[in-house]
Amino acid sequence: MSEPPGMSTSSPALDLREEILRLKNERNAVILAHNYQIGVIQDLADFVGDSLGLSYQAQETDAEVIAFCGVHFMAETAKILNPNKTVILPDRDAGCSLEQSCPAPALQKYLEDHADRNYYVIAYINCSAGVKALSDVICTSGNAIRIVEQAPPDRPILFVPDENLGAWVMENCDRRMDLWKGACYVHVEFTRNSIQKIKDEYPDAVVVAHPECTTAVRLLADEVCSTEKMISFCQNADARNIIVVTEGGMLHRLRKEAPGKNLIAGPTDNCACSECRYMKMNTLEKLHACLENLEPQIEIPEGIRRKAEAAVVRMLEQSR
Ligand code: 13P
Ligand code: SF4
């Protein structure tokens, strides 16, 4: 049957994807996407990964434009490393509860009030450029233990802003740290009860959890790791049933890259699959618009950027 005049059989989503790829080439752009992005964005990205992998990609790219499909602090890290490139984020409001839990002025005041401690400040990458600029070194969930182990032995450590990740690091090395009281609003929703219930349903299942989860939940896990390491853990696990305790977007890549496994989204007490509202602000339409208009762009005052860069580069060097 022939197509009616003016009608197309191709889907609007397909057209939009093609348009995004056309604009990407025209702009000499690279599309970087975090593991929690919606599936259609992951599928057309040049690289999908965790915060550490994305930072290395941002450092190494020779594209002129970085379209960062993730949250604000991730795009900001790309800009910290690439002051002369254009870094765009599909939705300017894609924030992070951890970033919000540690405003730079509050950290600055804390450091001034405790100047006698001479803290070595280690900041989890989920924080603003302002907080990075006040820090000695940055870490991600993928390298936190390594970074803490390399801290000067004669200085006390202040770890900001995630108290759960900080507690997990302390459980896995012999350094003590003072912890900032911040948390990820998504990962603290998982409870021991919600995970135990699903374990009871699948008694042979193994559990992999993100270190942003509470200690009570981490204690139920067979493996605690970054989103990137979850891929190899699931691929190599002997068990077929795997309970994945992190943001639900993770399941998209896992289902493609560990196809033989029955991957079960870790439930909370209120929902079957937890989503980060910030990560989910990015859509195909917004990605298209930001590549077309080169807006919203990430801008950082140069004085802050330079200090933040020293802390980020130290991390990249210490985790190679
Ligand atoms: P990863 O670096 O492990 O991907 O974690 C980022 C994050 O925001 C987890 O909530
Ligand atoms: Fe931030 Fe949590 Fe969302 Fe990760 S999942 S971006 S830590 S709010």
Side-chain angles (χ1 to χ4, degrees), residues 32-38 41-42 45 47-58 68-78 89-103 122-128 131-132 138-147 159-166 168-169 180-190 208-214 217-218 221 223-234 244-254 257 265-266 268 271 273-282 312 315-316 319:
L32 303 182
H34 185 263
N35 286 321
Y36 296 162
Q37 289 294 286
I38 55 171
I41 288 185
Q42 292 193 33
F47 178 84
V48 185
D50 67 354
S51 305
L52 184 60
L54 288 164
S55 302
Y56 279 121
Q57 290 294 321
F68 209 114
C69 299
V71 291
H72 191 270
F73 77 81
M74 295 178 174
E76 219 177 32
T77 305
L89 176 69
D91 192 315
R92 190 190 296 283
D93 295 328
C96 168
S97 67
L98 270 169
E99 176 180 348
Q100 288 153 16
S101 66
C102 185
I122 302 183
Y124 184 32
I125 198 164
N126 297 39
C127 65
S128 65
V131 166
K132 289 183 176 76
I138 307 305
C139 72
T140 73
S141 60
N143 61 16
I145 297 167
R146 250 176 109 176
I147 297 293
F159 187 89
V160 302
D162 189 355
E163 63 174 335
N164 291 305
L165 181 82
W168 172 70
V169 171
W180 193 267
K181 292 239 159 291
C184 162
Y185 90 97
V186 177
H187 287 87
V188 296
E189 282 290 305
F190 300 109
V208 58
H210 197 274
E212 289 171 10
C213 294
T214 62
V217 167
R218 290 196 313 273
E223 176 71 0
V224 178
C225 60
S226 74
T227 58
E228 193 59 36
K229 288 185 190 157
M230 286 182 183
I231 304 279
S232 52
F233 174 80
C234 291
V244 182
V245 189
T246 194
E247 206 269 356
M250 190 67 224
L251 275 288
H252 180 73
R253 238 187 104 192
L254 281 174
E257 295 183 33
T268 68
C271 67
C273 176
S274 216
E275 288 203 336
C276 171
R277 64 173 171 267
Y278 304 111
M279 285 281 181
K280 291 329 193 239
M281 282 179 174
N282 296 326
V312 174
M315 167 188 83
L316 296 176
S319 59

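All values below come from the heavy atoms of this structure, side chains included, with hydrogens, waters and symmetry mates left out. In this text the structure is predicted, and so the values were computed from the model without any measurement. Remember, it's 1-based here, ligands and their atoms both numbered in the order they're listed.
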Intermediate values then yes/no, side chain to side chain contact (heavy atoms under 4.5 Å, CB included), S55 and I125: CA-CA 10 Å; S55 302; I125 198 164; 3.6 Å; yes
Candidate pair M230 and T246, rule side chain to side chain contact (heavy atoms under 4.5 Å, CB included), full reasoning: CA-CA 10 Å; M230 286 182 183; T246 194; 3.8 Å; yes
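The distance from atom CZ of F73 to atom OH of Y278, rounded to the nearest 0.5 Å, is 12.0 Å.
Near ligand 1, H34, Y36, D50, S51, Y124, N126, S141, H187, H210, E212, S226, T227 each place a heavy atom less than 4.0 angstrom from the ligand.
Shown are the protein N/O/S atoms under 2.8 Å from atom 1 (Fe) of ligand 2, given by residue and atom: C96 SG.
Side-chain contact check for V186 versus E212: every heavy-atom pair is 4.5 Å or farther apart. In this structure, C127 and K132 have side chains that are in contact, with non-hydrogen atoms separated by less than 4.5 Å.
With hydrogens and angles ignored, the 3.5 Å screen pairs no side-chain donor or acceptor of R218 with any backbone N or O of A209. Side-chain atoms of K229 come within 3.5 Å of backbone N or O of G142 as a donor-acceptor pair.
By the 4.0 Å heavy-atom criterion, E212 is counted among the residues contacting ligand 2.
By the ring pair (Phe, Tyr, Trp, His ring centres under 6.0 Å) test, Y36 pairs with H34, sequence neighbours left out. Judged as a side chain to side chain donor-acceptor pair (under 3.5 Å), and not counting sequence neighbours, S128 has no contacts.
There is a side-chain donor-acceptor pair under 3.5 Å between Y56 and S319.
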